[in-house]
Amino acid sequence: MSPVEHQPDLQEGIEYWETQPANLDGVLGGYGSGSLPRIDALGSRLFLLNLYPQLSTVESAFRPLDAPQNPPRTRALDVGAGIGRVTADVLLHLVSDVVLLEPVESFVQEALSSARRSASDTQGGAKTSWPGLADQSKSVTILQGALQDFDPRKPHHARFDVIWCQWCLGHLSDVDLAAFLKRSHESLSKHPKSVIVDSSLTSICTAGLQLIREQVQDGLPEGLYVVKMYALR
């Protein structure tokens, strides 16, 4: 008889994160003041641009030559989003609108505070900048909740071009993970480049998704496990 596998405990996970400070060090295990946030953000943007070059907002090797002058708005979902680090440093640089989901109250409140500071900072002096909020060219919707209960199709009956799951899917059981990925797949937009990005992936086949790209994230500090990024469609 095979041993019973340990299943993640949602409440136990939330209680752990509630003991961590609502700042970069808290959500990055003490690596918030070093090079990790910048390297991770740049690597994440490049990974996404390789998958979805139409998201490039500047003249570059990524941007298609036939890119429209006024492209349609794009939407991303950032789950297990913590204090909004990925939303601020990755997604708002590339998409128009972000829905952020996080279960921990203190992290949600810090994300709200940061977003509001950026929205009111018309002079560009805020320490933490959430691009596009001050001039109202972009938007962020912040929701509190857990992945186990979340259906991406229901908050606004919206479809997403990008669903970003960074270092959070390990809090789901295999059954809950497969169900969440299936719901996420069904909520992707009809754009051929729409994608789910994950860095802690299991149970791909049970969710009926295809792995289209995987990549080791380079440049992270010594002492960390190898971090892989996966793209699903």
Side-chain angles (χ1 to χ4, degrees), residues 41 43-57 62-64 66-68 70-82 84-103 132 138-143 145-215 217 228-233:
S44 295
R45 285 188 226 168
L46 290 173
F47 184 78
L48 186 52
L49 283 170
N50 272 294
L51 294 162
Y52 201 150
Q54 288 84 355
L55 295 178
S56 178
T57 57
F62 293 105
R63 187 167 183 161
D66 59 352
N70 297 300
R73 295 186 73 85
T74 48
R75 180 182 290 108
L77 172 64
D78 181 10
V79 301
R85 180 185 67 88
V86 171
T87 289
D89 295 343
V90 179
L91 297 174
L92 283 176
H93 289 268
L94 301 175
V95 305
S96 312
D97 307 292
V98 179
V99 175
L100 181 160
L101 178 74
E102 168 58 42
K138 304 194 175 190
S139 74
V140 173
T141 301
I142 298 176
L143 305 175
L147 292 176
Q148 286 87 338
D149 305 318
F150 184 71
D151 188 337
R153 298 165 298 183
K154 288 187 175 179
H156 309 291
H157 299 285
R159 289 190 176 272
F160 296 95
D161 300 287
V162 177
I163 296 179
W164 195 275
C165 318
Q166 184 151 353
W167 307 336
C168 62
L169 297 187
H171 290 285
L172 300 181
S173 68
D174 288 349
V175 171
D176 285 338
L177 174 56
F180 171 73
L181 289 176
K182 183 176 185 295
R183 295 193 300 270
S184 296
H185 186 241
E186 292 170 350
S187 74
L188 287 176
S189 74
K190 300 302 182 184
H191 194 288
K193 297 293 186 181
S194 62
V195 67
I196 300 170
V197 178
D198 168 55
S199 60
S200 53
L201 188 66
T202 57
S203 300
I204 303 172
C205 295
T206 58
L209 303 179
Q210 290 185 328
L211 177 63
I212 59 172
R213 186 180 180 90
E214 64 177 283
Q215 177 180 310
Q217 196 158 359
K228 273 193 172 184
M229 303 182 75
Y230 302 89
L232 306 174
R233 187 173 291 146

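Remember, it's a predicted structure, so these values are computed and weren't measured experimentally. Atoms considered below: every heavy atom in the structure, side chains included; atoms not considered: hydrogens, waters and symmetry mates.
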Please find the pair of heavy atoms, one from F150 and one from F180, that lie closest to each other, and give the distance. O-CD1, 4.2 Å

Check the side chains of D161 and T74 for a donor-acceptor pair under 3.5 angstrom, ignoring hydrogens and angles. no

As an exercise, state the distance from NZ of K193 to CG of L48, rounded to the nearest 0.5 Å. 11.5 Å

Please round to the nearest 0.5 Å and tell me the distance separating atom CD of Q54 and atom CG of L49. 10.0 Å

Once rounded to the nearest 0.5 Å, what's the spacing between atom OG1 of T141 and atom CG of L100? 9.5 Å

For L169 and L147, what are the C-alpha separation, side-chain angles and deciding distance, and is it a side chain to side chain contact (heavy atoms under 4.5 Å, CB included)? CA-CA 8 Å; L169 297 187; L147 292 176; 3.7 Å; yes

Roughly how far, to the nearest 0.5 Å, is CD1 of I212 from CZ of R233? 3.5 Å

If you compare all heavy atoms of R183 against all heavy atoms of P152, which two are closest, and at what distance to 0.1 Å? CB-CD, 3.9 Å

Listed once per pair and sorted, the salt bridge (charged side-chain N to carboxylate O under 4.0 Å, His left out) pairs that draw on residues 91-101, sequence neighbours left out: R73-D97

Verdict with supporting geometry, L211 and L232, side chain to side chain contact (heavy atoms under 4.5 Å, CB included): CA-CA 5 Å; L211 177 63; L232 306 174; 3.9 Å; yes

Shortest non-hydrogen separation from Q148 to D176 and the atoms involved: CG-OD2, 3.4 Å

Heavy atoms of L92 and S139 approach each other most closely as CD2-O, 4.2 Å

Could you check F47 against R213 for side chain to side chain contact (heavy atoms under 4.5 Å, CB included), going step by step and ending with a plain yes or no? CA-CA 9 Å; F47 184 78; R213 186 180 180 90; 3.8 Å; yes

Tell me every residue that passes side-chain hydrogen bond (donor to acceptor under 3.5 Å, both in side chains) with S44, counting only those two or more places apart in sequence or in another chain. none

Distance col, row M229:CE vs Q166:CD, nearest 0.5 angstrom, shows 6.0 Å

Ignoring hydrogens and angles, tell me if any N or O in the side chain of S194 forms a donor-acceptor pair with the backbone of K190 under 3.5 Å. no

Return the set of residues passing ring pair (Phe, Tyr, Trp, His ring centres under 6.0 Å) with Y52 (not counting sequence neighbours), or none when no residue passes. H191

At their closest point, which heavy atom of R153 faces which heavy atom of S187, and how far apart are they? CG-CB, 3.5 Å

Supply the atom-to-atom distance I163 CD1 to R75 CZ, rounded to the nearest 0.5 angstrom. 11.0 Å

Mind checking whether V162 and L94 have side chains closer than 4.5 Å, heavy atoms only? no

